[in-house]
> 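Here it is: the structure, laid out below.
Positions are given from 1, in the same order as the sequence printed here. It should be emphasised that the depicted structure is a prediction, and the values quoted were computed from it without experimental measurement.
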Amino acid sequence: MDSERLRLVDFSTAHLDDFAAMNADSDVMEFFPAVLSREESAAMLHRLIEHRRRHGFSLFALHLKSDNRFVGFTGFLRADFVAHFTPAVEIGWRFAKFAWGQGLAPEAARACLSYGFDDLGLTEIVSFTAAINKRSMRVMEKIGMQHDPADDFDHPNLAAGDPLCRHVLYRLRRA
Ligand SMILES: CC(C)(COP(=O)(O)OP(=O)(O)OC[C@H]1O[C@@H](n2cnc3c(N)ncnc32)[C@H](O)[C@@H]1OP(=O)(O)O)[C@@H](O)C(=O)NCCC(=O)NCCS
């Protein structure tokens, strides 16, 4: 699948070096509990490949069309943790820092939303992030997702009082 500037491809183990480098960057991981070691990135890559095998969708690896450089990921995961809106299908994104600020996340997300609604037949797609992650919330707004503050929640995998615990939820229903 393609967007204007990106190729969206299935993750494979060949992505490990680029994926691990992105996940080891403390700026990229500012709104996550910790950066990932190479071993943790390898385990996550394995989970993403397994998620696609089990559910038929997963995160896509993104490459610039211009020079094939890996820039990050966007795509879908099942959200199965206990919350008022789960089970749900989540759209998520993460980009290497050199690629920030060029509108690549909303561009890739729009391609994924079309794929999710038209090809996967999803009826609703959600996105969530720590309430302090304004950049990610801005991407949600730019792609037309809706935010009802009554949907906001404390992430069950984070301790109460952790600054990352409070999460915003955005939703988009098939038109
Ligand atoms: C979030 C992320 C994917 C955005 O990707 P991107 O391709 O740089 O997105 P954009 O180019 O559209 O820029 C982000 C928008 O946020 C805005 N922004 C940046 N910093 C901001 C801040 N501190 N507060 C509010 N808005 C901010 C930018 O101005 C831009 O909006 P604009 O186009 O209206 O000016 C990228 O920053 C990233 O990978 N972050 C680390 C991983 C992450 O947090 N993932 C999400 C976890 S749920």
> Given F60, which of T74, L6, L8 fulfils the side-chain contact (heavy atoms from CB on, under 4.5 Å) condition?
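For F60, the side-chain contact (heavy atoms from CB on, under 4.5 Å) check succeeds only for L8.
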> Any Lys/Arg nitrogen of E50 or R53 sitting under 4.0 Å from an Asp/Glu carboxylate oxygen of the other?
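Yes, E50 and R53 are salt-bridged.
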> Check whether V9 and L45 end up in the same hydrophobic cluster, where Ile, Leu, Val, Met, Phe, Trp and Tyr are linked by side-chain heavy atoms less than 4.5 Å apart.
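Cluster IDs for V9 and L45 differ.
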> Is L172 close to L113 at the side-chain level, that is, under 4.5 Å between some pair of heavy atoms?
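Side chain of L113 against side chain of L172, heavy atoms only: contact under 4.5 Å found.
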> Is there a side-chain contact between H155 and F81 in this structure, where contact means two heavy atoms from C-beta onward sitting under 4.5 Å apart?
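The answer is yes; the side chains approach within 4.5 Å.
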> More than 12 non-hydrogen atoms from neighbouring residues, nucleotides or ligands closer than 6.0 Å to NE2 on H55, yes or no?
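Enclosed: over 12 neighbouring heavy atoms sit under 6.0 Å from NE2 of H55.
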> Which pair of heavy atoms, one from V126 and one from M145, lies closest together, and at what distance?
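That closest heavy-atom pairing would be C-CE, 3.7 Å.
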> Are side-chain heavy atoms of L122 and R174 found at a separation under 4.5 Å?
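No, side chains not in contact.
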> With a 4.0 Å cut-off, would you call R38 and D17 a salt bridge?
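Looking at R38 and D17, the cut-off is met.
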> Do the non-hydrogen side-chain atoms of R78 and R54 ever get within less than 4.5 Å of each other?
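Not in contact.
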> Tell me if the aromatic rings of F19 and H15 count as close, with their centers under 6.0 Å from one another.
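No.
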> Is any side-chain heavy atom of H63 closer than 4.5 Å to a side-chain heavy atom of V71?
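When only atoms from C-beta onward are counted, V71 and H63 do not touch, as no gap falls below 4.5 Å.
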> Do L59 and M22 land in one hydrophobic cluster if side-chain heavy atoms of ILVMFWY residues count as linked below 4.5 Å?
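L59 clusters together with M22.
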> Check whether more than 12 heavy atoms from other residues, nucleotides or ligands sit under 6.0 Å from atom NZ of K65, and answer yes or no.
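Buried by this count: over 12 neighbours within 6.0 Å.
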> Looking at CZ of R52 and OG of S12, how far apart are the two atoms once the value is rounded to the nearest 0.5 Å?
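Taking CZ in R52 and OG in S12, the distance rounds to 11.0 Å.
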> Taking E30 as the fixed residue, which of R135, K134, R94 is the one that meets the salt bridge (charged side-chain N to carboxylate O under 4.0 Å, His left out) rule?
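Running salt bridge (charged side-chain N to carboxylate O under 4.0 Å, His left out) over R135, K134, R94 with E30 returns exactly one hit, R135.
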> Are the side chains of F153 and T86 in touch, meaning some heavy atoms are under 4.5 Å apart?
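Counting from C-beta outward, F153 and T86 never come under 4.5 Å.
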> If we only count heavy atoms from C-beta on, is the V35 to D25 side-chain gap below 4.5 Å?
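The answer is no; the side chains never approach within 4.5 Å.
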> So, do Y115 and F57 have ring centers that fall under 6.0 Å from each other?
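Ring-ring flag for Y115/F57: false, centres at least 6.0 Å apart.
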> Please examine the side chains of S58 and I49, heavy atoms only from C-beta on, and report whether any two atoms are closer than 4.5 Å.
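Not in contact.
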> Just how far is it from atom CE of M140 to atom OH of Y170, taken to the nearest 0.5 Å?
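The OH atom of Y170 is 7.0 Å from CE of M140, to the nearest 0.5 Å.
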> In terms of hydrophobic clustering (I, L, V, M, F, W, Y; side-chain heavy atoms under 4.5 Å; direct or indirect links), are F31 and L169 co-clustered?
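Different clusters: F31 never reaches L169 through Ile, Leu, Val, Met, Phe, Trp or Tyr contacts under 4.5 Å.
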> Does atom CZ of R69 have more than 12 heavy-atom neighbours from other groups under 6.0 Å away?
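No, CZ of R69 has 12 or fewer neighbouring heavy atoms, counting only those of other groups under 6.0 Å.
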> Looking at every non-hydrogen atom in both residues, tell me the closest pair between A109 and W93 and how far apart they are.
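Heavy-atom minimum between the residues: CB-CZ3, 3.9 Å.
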> Which atom pair, heavy atoms only, marks the closest approach of I143 to R110?
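That would be CG2-CG, 4.0 Å.
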> Classify the ring geometry between F128 and F85 as parallel (under 30°), tilted (30 to 60°) or perpendicular (over 60°).
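Answer is tilted, since the angle falls between 30° and 60°.
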